[in-house]
Amino acid sequence: MRIRNKTQLAETLETCRPALLDNPNILKALLAIQSARGYVPTNAIPQIAQVLGVTEAQVAGVLSYYSDLRTQPPGRHLIRVCMGESCMANHGARVFRTIQEYIRINARDPTQAERFTVEQMSCAGNCALSPTVMIDADLCGRVTPSDVLSLLEPYR
Amino acid sequence: MKTMRCYLANDTSSRAAGAERLADAWSERPEIQLIRTSSRGAFFLEPMVERETPNGREAWFNVAPNDLPRIVAGVGGTPVAGIPFLQQQTRFTFANFGITEPLALDEYQARGGLKGLAAAGSLSPEAIVEELRISRLRGRGGAAFPVWKKWQVAQQASSEQKYVVANADEGDAGTYCDRMIMEGDPFRLIEGMMICARAIGATRGYIYCRHEYPAAAQAMRFAIQKAREADLLDSDDYPFDLEVVSGAGSYVCGEETALLESLEGRRGVVLAKPPYPAESGLYGKPTIVSNVLTFATIPNILANGGAWHASIGTEGSRGTMAVQLGGRVKQPGLIEIPFGLTLRDILDRFGGGMAAGSRFKAVQIGGPLGSLFPESQLDIPICYDAFAEVGAILGHGGIVVYDHETDMVELARHFMAFTADESCGKCTPCRIGSVRGREILERIQIGQGTAEDLVLLSDLGETMKATSLCALGGRAPYPVLTAIEHFPNEFRSKLSAFSSQQ
Ligand SMILES: Cc1cc2nc3c(=O)[nH]c(=O)nc-3n(C[C@H](O)[C@H](O)[C@H](O)COP(=O)(O)O)c2cc1C
Ligand code: FES
């Protein structure tokens with residue numbers, strides 16, 4: 001469920017408006033927007049600041065600080081490859097390179113360009129099944145480079 | 001046909017190993033009813049299916065959907081009590097794992113849950129802290145500070161509002177026991193936090209859970225809801241409110257002051273201490289920030305007495321240690337053992353040797369801030385004192401084993417790059433030092449480093465150790481410097497041929 005327009009952004013923000021005497025929580029508001037919209041558009045910063053009663057600089061500061069907050073819309077599917085030590089020890093970097101390669105080739109087809117966004121993530125807590133790849137909400141363990149094709153295929 | 005009750009873990013890692021595939025494939029089969037439990041932590045055997053027999057549970061390992069007939073017929077199972085990886089452990093905090101359904105409060109209670117809280121209810125706040133002093137429990141989040149001292153400070157602080165915060169940021173790569181507790185035995189964390197609340201006089205609590213753990217956050221939210229419905233939280237005799245709050249992918253937010261900043265919704269930047277959170281924490285009020293595992297250890301201490309806990313382990317390290325084994329070993333998983341076993345014991349007795357085709361090179365303990373140990377140093381006992389003596393830390397108990405293919409220069413670069421990415425930027429040694437360190441290692445990696453660069457790196461490391469505001473900058477040099485110390489040739493062989501002295 002994603003919000004597409006301004007009214008819906010305003011509605012999400014409304015749920016984050018601090019009650020009287022309550023402290024505004026910028027991070028919570030940004031996470032709420034991201035989970036509804038997939039990302040936090042930077043042009044919404046003034047509106048967010050106004051609803052929360054904080055400065056625009058404070059909002060921009062929090063938005064740029066946390067690596068999980070995105071200011072660009074991600075692809076239809078978000079692939080996150082773990083770069084934690086256990087996954088590194090199990091050659092997660094090779095898996096990452098294979099996925100990048102797959103996506104590079106795949107993106108030559110314009111209809112597929114927005115299919116995937118790939119990111120590195122820190123430890124997913126799945127270290128006993130390294131290397132770990134997370135696709136949207138699905139966590140996969142013991143991934144090898146040769147698994148990549150069949151792993152990504154179902155995500156259209 | 002009689003329906004057979006079988007047990008299958010519902011832990012994130014078990015699902016990643018294929019538990020869901022079994023659950024889906026068997027959902028319509030009349031001969032079997034799957035009970036979704038927590039995981040025993042023997043992840044190399046997952047997905048593992050268990051069934052009850054007159055002689056206790058039997059298990060089938062690495063199960064595929066077409067193994068169902070064998071399981072139903074009872075062919076080829078192994079008694080759970082006969083799995084060496086599990087049988088050699090001492091399970092106290094993780095005693096319920098693999099046995100109970102995580103969100104069944106009645107099962108938690110039937111297996112001794114809430115006894116600690118009941119015991120705490122009959123004690124004065126001072127007596128609870130005294131029990132913890134006797135237990136000699138030290139914090140499991142990394143700094144290993146005596147728990148009772150922190151609680152005493154918060155207890156003696158006078159304030160109309162105090163807070164209890166569980167640090168569920170579990171940032172150290174290679175660690176997952178906090179995740180297991182939240183997903184697998186969430187009431188234990190709630191009980192530990194409630195005991196703390198009574199001891200210090202707090203009425204509100206937060207669980208700051210990292211963004212990478214959606215299933216853990218969800219399980220905790222369900223458990224809190226159940227606890228509320230059972231009048232456990234808002235009980236008349238002690239009201240306590242608990243909320244799960246999500247982080248957003250920042251390692252340094254595991255540091256307690258940065259965590260509290262983040263909990264208030266700001267940039268998670270480290271603050272200078274004192275004041276300590278126990279005096280002035282969340283919204284300036286006395287706050288206990290403790291690790292999930294620390295809280296989860298407390299119910300047993302109150303139920304069995306501090307002296308019970310103090311009787312386990314070694315002189316300076318009482319109780320059990322949750323080792324989380326990962327990397328290139330055959331048998332990665334959760335190992336709860338009394339402090340005192342050596343690193344070699346753990347690798348040999350639990351690790352089951354190296355993964356196929358791998359030869360041992362080094363192990364790292366304590367996450368990205370932990371030291372590397374070569375083969376020659378594996379006889380070090382797992383306890384705070386022995387590690388402190390060699391300048392290492394146990395951290396949160398993650399052990400990662402590296403094999404012969406690991407490029408130590410690349411690994412060192414990875415650590416410095418990690419620190420440069422994650423530094424909160426508050427103090428100069430960490431903010432700038434980590435970037436310079438990364439640059440030097442990049443130079444060496446591409447064959448342009450000089451012998452002076454190695455000297456510079458060690459000088460830089462010593463400066464960061466001595467002058468950083470928190471342990472991120474203060475400990476980041478350790479993996480890098482121990483890599484150079486134990487594998488000097490790998491670094492030297494990459495130096496530029498034009499280097500003045502080699
Ligand atoms: C960079 C950094 C990261 C940390 N990350 C964590 C963490 O993920 N989890 C944790 O419990 N403690 C972490 N700590 C330690 C906390 O600051 C704090 O000591 C701990 O939460 C206290 O709990 P304890 O007394 O139960 O150990 C970190 C410390 C530093 C300097
Ligand atoms: S290191 Fe990759 S899941 Fe922990």
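Below, chains carry the letters A, B, ... as their sequence lines are ordered, and counting in each starts from 1. Worth knowing before you read on, the calculation uses all heavy atoms, side chains too, and leaves out hydrogens, waters and symmetry mates.
- Ranked by heavy-atom pairs under 4.5 Å with chain B, the list A:R80, A:Q58, A:Q34, A:H91 is led by A:H91.
- Using a 4.5 Å cut-off on side-chain heavy atoms (C-beta onward), A:M134 and B:P214 make contact.
- Of the two parts of A:S130, neither the backbone nor the side chain holds a non-hydrogen atom closer than 4.5 Å to a non-hydrogen atom of chain B.
- Here the closest non-hydrogen pair linking A:G125 and B:Y176 is O-CB, 3.2 Å.
- Distance CG/A:D138 to CZ/B:R15: 10.0 Å, rounded to 0.5 Å.
- Rounding to the nearest 0.5 Å gives a distance of 11.5 Å between OG of A:S122 and CD of B:E170.
- To the nearest 0.5 Å, atom CD1 of residue A:I26 and atom OG of residue B:S262 are 11.0 Å apart.
- Formation of a donor-acceptor pair under 3.5 Å by the A:N25 side chain with backbone atoms of B:L263 is found in this model.
- The shortest heavy-atom contact between A:M88 and B:H414 is CE-ND1, 3.6 Å.
- Using a 4.5 Å cut-off between heavy atoms, B:R179 contacts chain A through its side chain alone, with no backbone atom that close.
- Put simply, of B:A248, B:G333, B:S246, the one with the most heavy-atom pairs under 4.5 Å next to chain A is B:A248.
- Atoms OG and NE2, on A:S35 and B:H211 in that order, are 8.0 Å from each other to the nearest 0.5 Å.
- Neither the backbone nor the side chain of A:P131 comes within less than 4.5 Å of any heavy atom of chain B.
- If you measure heavy-atom distances from B:T175 to chain A, the contacts under 4.5 Å come from the backbone alone.
- Most heavy-atom pairs under 4.5 Å with chain A, from the set B:K361, B:R210, B:E422, B:E410: that is B:R210.
- For A:S64, the part lying under 4.5 angstrom from a heavy atom of chain B is the side chain only.
- At least one side-chain heavy atom of A:Y65 sits under 4.5 Å from a side-chain heavy atom of B:C424.
- The minimum heavy-atom distance linking B:G249 with A:S67 is given by the pair O-OG, 2.6 Å.
- Closest non-hydrogen pair, A:V62 versus B:R267, comes out as CG2-N, 3.8 Å.
- Ranking B:F418, B:F415, B:Y251 against chain A, the residue ahead of the rest is B:F415, based on heavy-atom pairs under 4.5 Å.
- Side chain of A:Y66 to main chain of B:G268: a donor-acceptor pair is present (N/O by atom type, distance under 3.5 Å, no hydrogens or angles).
- Among all heavy-atom pairs drawn from B:E405 and A:R94, the shortest one is OE1-NH2, 2.9 Å.
- Considering every non-hydrogen atom in both A:G84 and B:A173, the closest pair reads CA-CB, 3.7 Å.
- Of the listed residues (A:A124, A:C82, A:C87), the greatest number of heavy-atom pairs within a distance under 4.5 Å of chain B belongs to A:A124.
- A 6.0 Å sphere centred on CZ of B:R359 holds no more than 12 heavy atoms belonging to other residues, nucleotides or ligands.
- Each of B:R266, B:Q331, B:Q324 has some count of heavy-atom pairs under 4.5 Å with chain A, and the biggest count is that of B:R266.
- To the nearest 0.5 Å, the span separating CD on B:Q364 from CD on A:E85 amounts to 5.0 Å.
- No part of B:V329 comes within reach of chain A, as not one of its non-hydrogen atoms sits under 4.5 angstrom from that chain.
- Ranked by heavy-atom pairs under 4.5 Å with chain A, the list B:F44, B:Y283, B:Y213 is led by B:Y283.
- Looking at B:V252, only its side chain comes within 4.5 Å of chain A, counting heavy atoms on both sides.
- Residue A:L31 touches chain B through its side chain alone, counting heavy-atom pairs closer than 4.5 Å.
- Taking CG of A:L27 as the reference point, atom SG of B:C253 lies at 8.0 Å (rounded to 0.5 Å).
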